[in-house]
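The structure appears below as structure tokens.
Predicted, not measured: the structure shown is a model, and the values here were computed from it. The first residue of the sequence shown is numbered 1, and numbering continues consecutively from there.
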Amino acid sequence: MLRVMGAVLIVLSGSLAGFYYSGRLKKRCDILQEFSAFLAELKTRIRYSGADIFSLLSSLEGSKHINAVIDFVNQNKDSGKSLPDLWEQAVTIAFKGSPLKESDRKAMIQFGETLGTADVCGELAHIDLYVEIFDKLLKSAGRELNEKSKLYKTLGFFAGTSIALMIV
């Protein structure tokens, strides 16, 4: 009886590992979608507001990661560091441990490198460029989710089952 319970627990743990990695793929898609929504909202605020970039950022709200970036930038704006340095540090801290790929993080950091340095038309063009970049990243993440999500779940289940069969 103890062996059967152990086998069931091993199969269950393999399945849960598959669901965990599948969930990370979904979370990556969600974060990229939220960042795209953030860009769209920032574009609207820049177009219709004459405020500086720090005021615009503080008026925005997003997911917990995006709010962490905005809060970090606003809290440290008087530290003497430039906005690109603050943005890079904020993105690094806020998305540490997240399922984003390094290319996703680099795109987010590159977005902040010239943020707030151009006139309204330049800012809007800059945001349009990154909206396209994040749309491509989101499509890529969606394809990866469709291709690998079921695979991770299935492999987790069968790995757990294989190990359980070897033990029993």
Quick one about Arg45 and Ser59 (side-chain donor to acceptor, distance below 3.5 Å, no hydrogens or angles considered), yes or no? yes
Taking NZ, NE, NH1 and NH2 as the nitrogens, is one of them in [X] or [Y] under 4.0 Å from a carboxylate oxygen of the other?
| X | Y | value |
| --- | --- | --- |
| Lys26 | Asp30 | yes |
| Glu88 | Lys81 | no |
| Glu123 | Arg47 | no |

Tell me, with the steps shown, if Phe35 and His65 meet ring pair (Phe, Tyr, Trp, His ring centres under 6.0 Å). CA-CA 9 Å; Phe35 197 80; His65 296 294; over 10 Å; no
Does Tyr21 belong to the same Ile/Leu/Val/Met/Phe/Trp/Tyr cluster as Leu145, with side-chain heavy atoms less than 4.5 Å apart forming each link? yes
Hydrophobic cluster membership, with links at side-chain heavy-atom distances under 4.5 Å among I/L/V/M/F/W/Y: are Phe134 and Ile46 in one? yes
Side chain proximity check, [X] to [Y], heavy atoms < 4.5 angstrom:
| X | Y | result |
| --- | --- | --- |
| Leu39 | Asp128 | no |
| Ser49 | Leu56 | yes |
| Thr114 | Pro84 | no |
| Arg28 | Glu144 | yes |

What distance separates Met108 CE from Leu32 CG, expressed to the nearest 0.5 Å? 5.5 Å
Nearest-0.5 Å distance that lies between atom CG in Leu57 and atom CG in Leu86: 10.5 Å
Under the 3.5 angstrom rule, does the side chain of [X] hit a backbone N or O of [Y] as a donor-acceptor pair?
| X | Y | answer |
| --- | --- | --- |
| Ser55 | Ala51 | no |
| Thr44 | Ala40 | yes |
| Arg105 | Val91 | no |
| Asn76 | Ser79 | no |

Quick one, Phe95 with Val69, criterion side-chain contact (heavy atoms from CB on, under 4.5 Å). Give me CA distance, side-chain angles, the key distance, then yes/no. CA-CA 9 Å; Phe95 292 100; Val69 171; 3.9 Å; yes
Stepwise side-chain contact (heavy atoms from CB on, under 4.5 Å) test for Leu83 and Phe54: CA-CA 9 Å; Leu83 178 60; Phe54 292 108; 3.8 Å; yes
Let me see the working for Glu34 and Lys64 under salt bridge (Lys or Arg N to Asp or Glu O under 4.0 Å), right down to the final yes or no. CA-CA 10 Å; Glu34 290 164 357; Lys64 73 174 191 173; over 6 Å; no
Does a sphere of radius 6.0 Å around CZ in Phe19 hold more than 12 heavy atoms from other residues, nucleotides or ligands, not counting ones at 6.0 Å or beyond? no
Could you check whether Phe72 and Trp87 have their ring centres less than 6.0 Å apart? no
